[in-house]
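Letters A, B, ... are given to chains in the order of the sequence lines, protein chains preceding strands, and every chain is numbered from 1. Quick note: numbers below take in every heavy atom, side chains included, and nothing from hydrogens, waters or symmetry partners.
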Amino acid sequence: MTDDTTQPMPEHALARLAGLRREGHPDGIFTSDFSVNEFLLVRKAGFEPIGLCVGSCIYHLGFQFAGWTASQELDLLSTAMYEARALAMERMRAEAQNMGADGIVGVRLAVKRLEWDAKVLEFVAIGTGIVHGKGHTGFKGPNGQPFTSALSGQDFWTLLQSGYRPLEMVMGSCVYHVARRGPMAALGSVGQNVELTNFSLALYEAREIAMERMQLEATKAGAEGVVGADLHEGSHNWSSHVIEFFAIGTAIVPIEGGADPERIPDPKLVLSVNS
Amino acid sequence: MGLFGALFRRRGPSAEALERARAWEEALERDALPPFVEERLAGAAAGRAAWVATMSPAELRLVRSHGIRPVATVSGTCWYHYGWSWTQGHAEGWHLALDRIRREAAAAGANAVVDVRMRTLRHTFGASMDFTLIGTAVKIDRLPPSPDPVVATVPALEFVRLIEAGIVPVGIAVGAQYEWMDNTGWGGGGGGWSSGWSGPTWNTQSVLRSWNSQPLYELTDFWEGIRRAAHAELRRNVAPMGNGVLAHIQFGEIIKQERDKQPPNFLGRHIVIGTVVDTPRRAELSPDIEPVVDMRDSLSPLRLPGAARHSAYSADIIDQEGAI
C-alpha cells in the first residue's frame, strides 16, 4: 500500500531526474527561442518546434536627393528599406523550408545599426520553425511554402482556436520627405495657432502609402485579413525632414471547416488578487 | 617579536583561513569540493542543517505538493581568461562553471538544480571574466539521489509545470563561433574565405563607398555562416543531454578592423545560449487551457503611457514624488 498523496508526474521525467539518460534522439534536436509558456501552447495547438530560423541582410543605404520645398516619397529609399527587410524574411523562410517546417511563429523583425558605419543597417528576422505533430499539410503558407507570422505561441494557439490560421507576414514601407515651409509662410504664422497643412498632408500621404502597400500584399497573398497590424514611424540617421512609415502585420485566412463562431467559447473574466 | 611582529601577524590571514584557501585550491585542481563544503551540503541533504532556497512561498507550496524538497543553494564559478579567442573563452568558461554547479548539486544529494541564474561581475581584470551559476538544489522525495543532477534555468514554478507536461529541463548549452573575413584567406577559427583582389573585403569596401542603396551580399553571407555554425555547435552541445533547446540568449557583433591601403577586415562573432530540454515528441498535454480576461488595470493598454500604443504624452496625470 502506498501513502503517496503527491501530484503524479510522467514516468520518463522521473527517470531522467533519477539520473537515467535516454540514448539517442531519433527525431533529432530542435532549437527554438520559445518561453516555457509559448512552448506549451504551441504543443497544445498540435505543433512541434523544429528549429530557430534566422535571416539577416546587411544593407548599405545610399542617398537620395529631395528638393527643399517638395513633399515627396523618396522612392529609392522606400524600395531599399523594403527590399532589405524582404531579403531578411526570405532568407529566414528559406531556412525554414530546408528544415521542412510548416511555418514560423514568433517572428521578430529588427533593424540594427552597425556602429562602424552609420549608412549600414542590419535587418534581422528571427522566429521558430514548427511542424504539425500529425503531419497535417493544411497549414502551409502561399505556394506551399512555410507560413510566417509575428504571433507568439500564445497568440498562435488563440488564433487557431478562433478558426483562423496565419498565412504570411505582410509589410509596406514609405520613406517620405516632408517639405520645409518657406520663409513667408513661417512669418505669416508667427504668434498664431494655425494648422501646418503641408505637414499634416505629408504625414497622411506617407502613412497611407505604407498602409496601402501592406494591404495590397495581404490581398495578393489571398488573405481574409491582417492581425496585429502595427505602424512604426522611424528615422534611420536621415535628415530631420525625412521619415519612414512602416506597416507590418500577419495576414490570416479561415481554416477549412474551421471553428463555428457560435462554438468559440467566451473567455471568463477573472481578477487576480495577488498582484 | 615585539609590537611590530604582533601587528604584522594579526594583519595576515589566520591559520584557519589559510587552511580553507589551501582546501579550495586543492579541490579545484582535482575537480572536487573542499571537505567543509561537502559537509555543509551533506548536512543540508540529511536534514541536519536548514535548507536554503531562492523560492517564493507560492513556489514552495507548488513544489511541496509535487513531492519536491529544496536542499541548498549551490553554485559554480570559473574566472576565465581568454587568450587566443574571446568567443571560445566564453563557451569554455560556462562549461567549467556548469561542471562545478553539478558537482555541488550531486554532493547535496539532489535530483535537480532549479532557478539557475547566469551571472557575471562587472569587473574586468584584463581579458578575463567570471562565469557564475547559482541555483537551488532540489530533491524529489520518491527518487534516489541522482549521480548527474539536471540543471534547470527556469524557476521552480515553471520547472513543475514543465515536468507535468513531460518536458525535463536538463541543462545549459552554449554555441559560440567566430570568424575573420579578410583578404589573405588566413582566417582565425578555421575561416575559409578566398583571397584575391576581387575578394569579399574589396567588394564590401566598394559598396560601402558607393552612393547606392544595395545589400552587402558578401558580408551578409559571411555573417549568416557564422551564425549557422554557432547554432550547429549549439545542437552538438545539446545532443548528449537532451533533444531540444530553448535558446534565449543570442549575442552577435561584427567588428571592423581598418588596415593601411587595404580594405578593412571584419571579425564576426556569435554566441547562443539556451536551456536544454528532454521530452518525447508529440506528447499530449493533459490540462486544458481556459481563456480568461484579466481585469486588473495594470494590464490595460490605456494605462501604459509612453508605450508604442500611446505615445503622445510620456507621464501620467499624477507625477508625484512618492507616497505621502
Checklist entry - Does the pair A:Lys44/B:Asp288 count as a salt bridge with the N-to-O cut at 4.0 Å? => result yes
Next on the checklist: Using side chain to side chain donor-acceptor pair (under 3.5 Å), reason through A:His132 and A:Glu48 one step at a time and then give a plain yes or no.
Outcome noted: CA-CA 6 Å; A:His132 194 271; A:Glu48 293 281 341; over 6 Å; no
Next on the checklist: Does any backbone or side-chain atom of A:Glu38 lie under 4.5 Å from a heavy atom of chain B? Answer side chain, backbone, both or neither.
Outcome noted: neither
Next on the checklist: Less than 4.5 Å to any heavy atom of chain B: does that hold for the side chain of A:Ala18, its backbone, both, or neither?
Outcome noted: both
Checklist entry - Does the ring centre of A:Phe246 sit less than 6.0 Å away from the ring centre of A:Tyr82? => result no
Next on the checklist: Using heavy-atom distances under 4.5 Å, tell me whether A:Asp117 contacts chain B through its side chain, its backbone, both, or neither.
Outcome noted: side chain
Item to check | Region of B:Leu234 in contact with chain A, defined by heavy-atom distances below 4.5 Å | outcome: side chain
Item to check | Which atoms of B:Val277 approach chain A - backbone, side chain, both or neither, heavy atom under 4.5 Å | outcome: side chain
Item to check | Side chain / backbone / both / neither for B:Val245 at chain A, heavy atoms under 4.5 Å | outcome: both
Item to check | Heavy-atom contact with chain B under 4.5 Å, split by part of A:Glu122 | outcome: side chain
Checklist entry - In terms of heavy-atom proximity below 4.5 Å to chain B, should A:Gln64 be classed as side chain, backbone, both, or neither? => result neither
Next on the checklist: Counting only non-hydrogen atoms closer than 4.5 Å, does B:Leu162 touch chain A with its backbone (N, CA, C, O), its side chain (CB onward), both, or neither?
Outcome noted: side chain
Checklist entry - With a 4.5 angstrom heavy-atom cut-off, which part of B:Ile140 approaches chain A: side chain, backbone, both or neither? => result side chain
Item to check | Expected output: side-chain B:Asn243 to main-chain B:Thr279 donor-acceptor under 3.5 Å | outcome: yes
Checklist entry - Does a salt bridge link B:Glu224 with B:Arg228, judged by any charged N lying under 4.0 Å from a carboxylate O? => result yes
Checklist entry - For A:Phe39, is it the side chain, the backbone, both or neither that has a heavy atom under 4.5 Å from a heavy atom of chain B? => result side chain
Item to check | Interface moiety of A:Val270 toward chain B, non-hydrogen atoms closer than 4.5 Å | outcome: both
Checklist entry - Is any side-chain N of the basic residue among B:Lys139 and B:Asp141 closer than 4.0 Å to the acidic one's carboxylate O? => result no
Checklist entry - Can we say A:Arg91 and B:Asp221 salt-bridge, meaning some charged N sits less than 4.0 Å from an Asp/Glu carboxylate O? => result yes
Checklist entry - Should the ring pair A:Trp116 and B:Phe266 be called parallel, tilted or perpendicular, given that the plane angle runs from 0 to 90° and is split at 30 and 60? => result tilted
Checklist entry - So which part of A:Leu17 gets closer than 4.5 Å to some heavy atom of chain B, the side chain, the backbone, both or neither? => result both
Next on the checklist: At a 4.5 Å cut-off on heavy atoms, which part of A:Leu121 comes close to chain B: side chain, backbone, both, or neither?
Outcome noted: neither
Checklist entry - Is it the side chain or the backbone of B:Arg227 that comes within 4.5 Å of chain A heavy atoms, both, or neither? => result side chain
Item to check | Ion pair check, B:Glu258 and B:Lys256, cut-off under 4.0 Å | outcome: yes
Item to check | Salt bridge present between B:Glu158 and B:Arg161 (N-O < 4.0 angstrom) | outcome: yes
